[in-house]
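As the structure is a prediction and not an experimental result, all values here were calculated from the model.
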Number of protein chains: 2
Amino acid sequence: MSGMKSVQRAFDVIDVLWKLDGAGPTEIANEMDIPRSTAHVYLQTLESTGYVVSTAGTYKLSHAFLSMGSRIQQRNQIYQVSRRAIPDLAEETGEVVTLVIEEAGEAVFLQRESGEKAIELGLYAGLTLPLYSHAAGKTILSQLPSKRVDEIIDTRGLEPVTTETITDRERLREELETIRSDGYAVDWDQQIEGMGTIAVPIVVDDTVEGSIGIACPTERVKNESYRMELVNKLRETNETITIKYRYGT
Amino acid sequence: MSGMKSVQRAFDVIDVLWKLDGAGPTEIANEMDIPRSTAHVYLQTLESTGYVVSTAGTYKLSHAFLSMGSRIQQRNQIYQVSRRAIPDLAEETGEVVTLVIEEAGEAVFLQRESGEKAIELGLYAGLTLPLYSHAAGKTILSQLPSKRVDEIIDTRGLEPVTTETITDRERLREELETIRSDGYAVDWDQQIEGMGTIAVPIVVDDTVEGSIGIACPTERVKNESYRMELVNKLRETNETITIKYRYGT
DNA sequence: CCGAACCGTCCAAAATAGTCGAACAGCTTA
DNA sequence: TAAGCTGTTCGACTATTTTGGACGGTTCGG
């Protein structure tokens with residue numbers, strides 16, 4: 001329980017504004033169990049920062065989040081080198097192609113592009129998931145020092161997302177070993193039921209910089225020849241990205 | 001000067017973290033002229049919210065901004081109906097195609113897609129610009145009630161961005177009239193020197209919902225036949241979007 | 001048509017919480 | 001080895017957030 005109450009509350013107000021898709025002081029006050037006047041001060045302050053805009057008494061989150069988010073995304077080196085390759089691969093395969101990185105022990109989707117056959121699975125740029133519940137995250141884990149992997153599991157835990165999620169520490173360790181020797185990871189129904197993912201780790205100078213992956217319906221992933229076709233395409237793209245990353249833009 | 005000092009400072013810390021691309025308490029303290037210990041508390045608190053992550057004593061902005069930004073973007077109705085049409089038009093024309101909306105009297109780029117001939121001009125999703133300094137903004141202004149236009153100019157002013165920017169209130173009014181009768185807007189070197197923009201307003205039931213535009217080098221915009229070709233393509237896309245918006249997804 | 005009930009906003013007193021200097025521990029550098 | 005840097009912790013002081021109440025507007029139903 002570290003920190004400043006007012007700042008934490010300000011971000012709580014932001015969460016509520018998101019949840020309610022815009023609200024006035026009264027709604028915020030009811031939702032957060034604080035006086036109306038207090039809610040009003042928070043809203044006014046947030047408006048002065050530009051992260052909230054008001055029209056006729058109702059306050060909404062502004063696009064300052066999108067602005068900052070885009071800039072943070074664009075500043076990322078691995079994004080810069082792979083942002084053109086991802087949509088290309090999406091078009092080639094027709095599936096949803098993603099770029100995932102690790103941040104604070106979690107998997108963050110830095111980019112998401114969809115092809116013709118793509119299904120909407122609620123994957124979007126900025127989405128943060130556990131590392132152990134999908135192929136992309138696991139390829140990253142497979143390339144991190146085992147000391148770091150333990151650290152991450154210690155702080156984040158291994159809570160099941162679906163019935164298929166790995167919850168056993170030892171089984172995860174074994175699977176990471178398999179992924180390390182295979183050079184890619186595959187699984188299905190572990191994060192979202194009905195969704196399968198395939199991924200390869202982006203490794204530059206023995207350091208994981210992220211992972212590129214494909215997400216599609218479970219049935220398509222289960223088809224081995226199709227799966228290997230995707231793996232090969234991921235490997236090709238991966239090589240392009242790795243070289244670009246190493247030897248400049 | 002409305003609001004809570006601590007919350008405003010928290011967002012100042014965020015700005016500094018952006019500016020310095022990550023920093024420790026000492027750097028923040030120097031930049032903001034506050035004690036090290038104070039900076040430390042802010043960083044810790046921001047970390048607890050998830051919008052900042054720390055690794056080995058240095059704090060960085062997290063991808064929570066990207067996450068929230070994407071969700072805000074996706075929630076927008078006009079984005080939902082036009083997000084597929086924008087990249088299609090980008091591919092067809094080869095230029096940079098943008099979707100712009102008005103928020104709090106400013107132009108916000110909700111989407112930006114680039115084609116083959118596209119030049120990088122520093123346009124990104126979330127970028128906020130004045131409404132009067134480019135074609136997309138002006139098409140929106142041209143469709144707003146004149147009372148609202150005055151209100152916006154009163155609060156935002158008409159500060160010149162380049163030497164070509166319109167700074168005269170009366171001249172702007174005349175130009176908006178022209179845009180209204182033409183149904184589209186064109187200009188160059190007004191926001192960024194060397195960049196020209198063409199745009200059409202998205203009007204549904206007599207209300208502007210946004211604007212779709214094309215940005216390219218000034219020289220290409222000056223070519224009239226090419227310009228009219230782009231205007232026609234914008235109009236086609238606009239019609240598709242308008243119908244979709246009106247009669248559901 | 002009017003009044004009751006709701007809204008967002010403002011203000012000034014009361015109490016909590018942000019502020020800040022000093023001290024600690026760890027690291028790198030001279 | 002010691003000086004100088006870093007991030008971090010602690011506790012007292014004081015400025016700040018908090019809060020209820022009051023104001024003016026709009027909306028609703030009688």
Carboxylate-amine/guanidinium proximity below 4.0 Å for [X] and [Y]:
| X | Y | value |
| --- | --- | --- |
| B/K60 | B/E47 | no |
| A/D154 | A/R169 | yes |
| B/R246 | B/D205 | yes |

Check whether any side-chain nitrogen or oxygen of [X] sits under 4.0 Å from OP1 or OP2 of [N], and answer yes or no.
| X | N | answer |
| --- | --- | --- |
| A/T38 | D/dT18 | no |
| B/Q44 | D/dT9 | yes |
| A/R9 | D/dT18 | yes |
| B/Y42 | C/dT19 | yes |
| A/H40 | C/dT9 | yes |
| B/Y59 | D/dT8 | yes |

*Examine the side chains of A/E209 and A/Y245 and answer whether a donor and an acceptor come within less than 3.5 Å of each other.*
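Side-chain D/A pair, A/E209 to A/Y245: present.
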_For the residue pair A/S48 / B/Q8, report whether a side-chain donor-acceptor contact shorter than 3.5 Å exists._
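Yes, A/S48 and B/Q8 have a side-chain donor paired with an acceptor closer than 3.5 Å.
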Has [X] got a side-chain atom pairing as donor or acceptor with [Y]'s backbone, closer than 3.5 angstrom?
| X | Y | value |
| --- | --- | --- |
| A/Q190 | A/T162 | no |
| B/T58 | B/S54 | no |
| B/Q73 | B/L110 | yes |
| A/N238 | A/P201 | yes |

*Decide yes or no, distance alone: a donor-acceptor N/O pair under 3.5 angstrom between the base of D/dG7 and the side-chain of B/R36.*
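By the distance-only test, yes, there is a pair.
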*Looking at C/dG18, does its base get a donor-acceptor pair with the side chain of B/S6 below 3.5 Å?*
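Such a pair does not exist between side chain and base.
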Using whole Å, report how far [atom1] of [X] lies from [atom2] of [N].
| X | N | atom1 | atom2 | result |
| --- | --- | --- | --- | --- |
| A/N30 | C/dC6 | CG | P | 11 Å |
| A/L43 | C/dC10 | CG | P | 13 Å |
| A/I28 | C/dC6 | CD1 | C1' | 17 Å |

*For A/T26, answer base if it contacts any base atom (sugar-phosphate contacts may also be present), sugar-phosphate if it contacts only those atoms, and nothing otherwise; contact means non-hydrogen atoms under 4.0 Å.*
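Sugar-phosphate contact only - A/T26 comes under 4.0 Å of backbone atoms but never of a base.
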*Taking Watson-Crick and G-U wobble pairs with both distances under 3.5 Å, convert DNA chain C into its dot-bracket string, 5' to 3', dots for unpaired and | for cross-strand pairs.*
|||||..|||||||||||||||||||||||
*If each of A/T58 and A/K5 is mapped to the nucleotide of DNA chain C with the nearest heavy atom, which maps nearer the 5' terminus, i.e. the 5' end?*
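It is A/T58, whose closest nucleotide lies nearer the 5' terminus.
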*Between D/dT18, D/dG20, D/dT9, which nucleotide has the shortest distance from any of its atoms to the side chain of B/S37?*
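Within the option list, the nearest is D/dT9.
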*Any idea which of C/dG18, D/dG7, D/dT19 is nearest the A/M4 side chain?*
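For A/M4, the side-chain atoms sit closest to C/dG18.
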*Stretch residues 10-25 of chain A: residues that reach within less than 4.0 Å of DNA chain C through a heavy atom*: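 Contacts with DNA chain C under 4.0 Å: A/G24, A/P25.
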